[in-house]
Structures are given as structure tokens and as C-alpha cells.
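Below: the structure, in C-alpha cells.
The structure presented is a predicted model; accordingly, all values stated were derived computationally and were not measured. Counting convention: from 1, in listed order, for ligands and their atoms alike.
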Amino acid sequence: MVKLMLALDLDKERALKVAEEVKDYVDAIKVGYPLVLSSSLEIVKEIKDICEKEVILDFKVADIPATNEKIAKLSLRYGDGIIVHGFVGEDSVKAVRDVAKPLNKKTILVTEMSHPGALRFIQPIANELAIMAKKLELDGIVAPSTRPERLRELKHLSNLPVLTPGVGAQGGRLEEIIKILDENDYIIIGRAIYNSEDPKKMAKYYKEKIRALSK
Ligand code: U5P
């Protein structure tokens, strides 16, 4: 079954509360700058103490190789993997991968982003980014639920597990993307769960919907 990854873009207090509420229904958690900058990387440990799920660091690392290496070393003391940008070049991505691999942690590459602004600069190079992810034998790509046909193509080109944001708040529709995905892939959902009146109920709803549509 396709996995459900909760994007926890909240402050510490709310993040820990939501993690506790939804833990029976999500397979993995994504933490990014909003949470880590409002607390610290130690938050990853606290999340794991609550729910023992895979935690991916969405830091969209995009610097020169030497700096990327330092960021990866410091970040990957926590969590199970890190998201990087590829437009900075193969050497920058390799620098992260070479830190992550020996630690048995994932390097996941952003291909095409899910927001409208992605059409101008990143969509034109997204196919090449997917091919680079395959060449570097990374652990996955990020590709948009907001554009199902692009998601399909990027998954095909990379032949890697996909983490796909955009369902819910960004207008992506589960029904349209689920058939493209398989049990190695993750659907990332944030606001549609944590901003709802009852995050637990909403996480359960998405989990059951994924199960029903996966058949
Ligand atoms: N995210 C995207 N689109 C991308 C890459 C990452 O939305 O192309 C991240 C956002 O930063 C957020 C999550 O953490 O995925 C989607 O959250 P939401 O729109 O479901 O609230």
C-alpha cells in the first residue's frame, strides 16, 4: 500500500500534539524549517519517542559540495533521510549522498516542485533531475501531486520511490495520483490534516482512502 507521510510544519508544541494524535494512521513524518527553526533538531528525537516512525528532514539542501557535506553531517545525526535540491549540480548532491549512504540514511532529490511558481524555472529541468537521481542511485525523488502526468513521468524516469506533496491544501487529488504510485511511494499531506478540526480523524480518513483506492 502507498504510504502516508505527514508534513509537520508547525511549532513544537502543536507538532508533538498532532504527532501523538495521528500516530496510528501515518507511516512517516516529514520535518522542515518551520518546526526545526521554532525548536531544534532534537525535535526529531521527541517525535520518534512518541511514534517511532521514519522521519525525513526536508531541508532542500542547495549549496556547494563542501557546505552540503557539513549540512548533511550535522543534520543526519537525526532522522532517517534528507531532501536535497539538484539544480545546484551533481557534485553537490553527491556530497550529501556520500555522507548519508554509510549512515544508512536516505538522500531524496527534489525534481519538479508542486507550486505554480515551479513551472518557470524548475519544470524545464525536472526530467534531467529525475535522471540524475537514478544515475546517482539515490533513495527517492520528490515530485508533484498537483500535476499527475508530471508525477507519472518523473517516477518513470527516475525509477525510484517517490515522495509526492500537493494533495489537499494545494489542490492535488488523491484519486488522480494513487494509480500512479506503488507501495514504495509516499503521499505527503500537511495542512489538510494538521489544520483540520480533528487531525486524528482526518489522518484516518486519508489512510482509509489510500487503502480503498490502492485495491
Ligand atoms: N513540499 C511541497 N512541494 C514541493 C516540495 C515540498 O509542498 O514541491 C512540502 C511543503 O514544504 C510542505 C509539504 O512541507 O510538502 C506539503 O504540505 P501541505 O501543502 O500538504 O500543507
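There is a side-chain donor-acceptor pair under 3.5 Å between Q170 and S114. Side chains of Y205 and K201: a donor-acceptor N/O pair is absent below 3.5 angstrom, by distance only.
Contacts between R191 and ligand 1, counted as non-hydrogen atom pairs separated by less than 4.0 Å, involve both the backbone and the side chain. Under 4.0 angstrom from ligand 1, the non-hydrogen atoms of S114 come from both its backbone and its side chain. Under 4.0 angstrom from ligand 1, there are no non-hydrogen atoms of H115.
Close approach to M113 involves these atoms of ligand 1, each under 4.0 Å from a residue heavy atom: 4 (C), 5 (C), 8 (O). Those atoms of ligand 1 that come under 4.0 Å of a heavy atom in D9, given as number and element, are 12 (C), 14 (O). Near A7, meaning under 4.0 Å from one of its heavy atoms, ligand 1 places the atoms 13 (C), 14 (O).
The pair D139-K101 does not count as a salt bridge, with every side-chain nitrogen at least 4.0 angstrom from each carboxylate oxygen. Checked for salt-bridge contact, K30 and D58 meet the test: a charged N lies under 4.0 Å from a carboxylate O. Contact check on E90 versus K135 returns a salt bridge, with a Lys/Arg side-chain nitrogen under 4.0 Å from an Asp/Glu carboxylate oxygen.
The closest protein non-hydrogen atom to atom 20 (O) of ligand 1 is G190 N, 2.8 Å. When only non-hydrogen protein atoms are considered, atom 11 (O) of ligand 1 lies nearest to K60 NZ, 3.9 Å. For atom 9 (C) of ligand 1, the closest non-hydrogen atom of the protein is K30 NZ, 3.5 Å.
Residue Q170 places at least one N or O, backbone or side chain, under 3.5 Å from an N or O of ligand 1.
Between F59 and Y33, the distance separating the two ring centers is shorter than 6.0 angstrom.
Closest non-hydrogen pair, P144 versus L151, comes out as O-CB, 3.3 Å.
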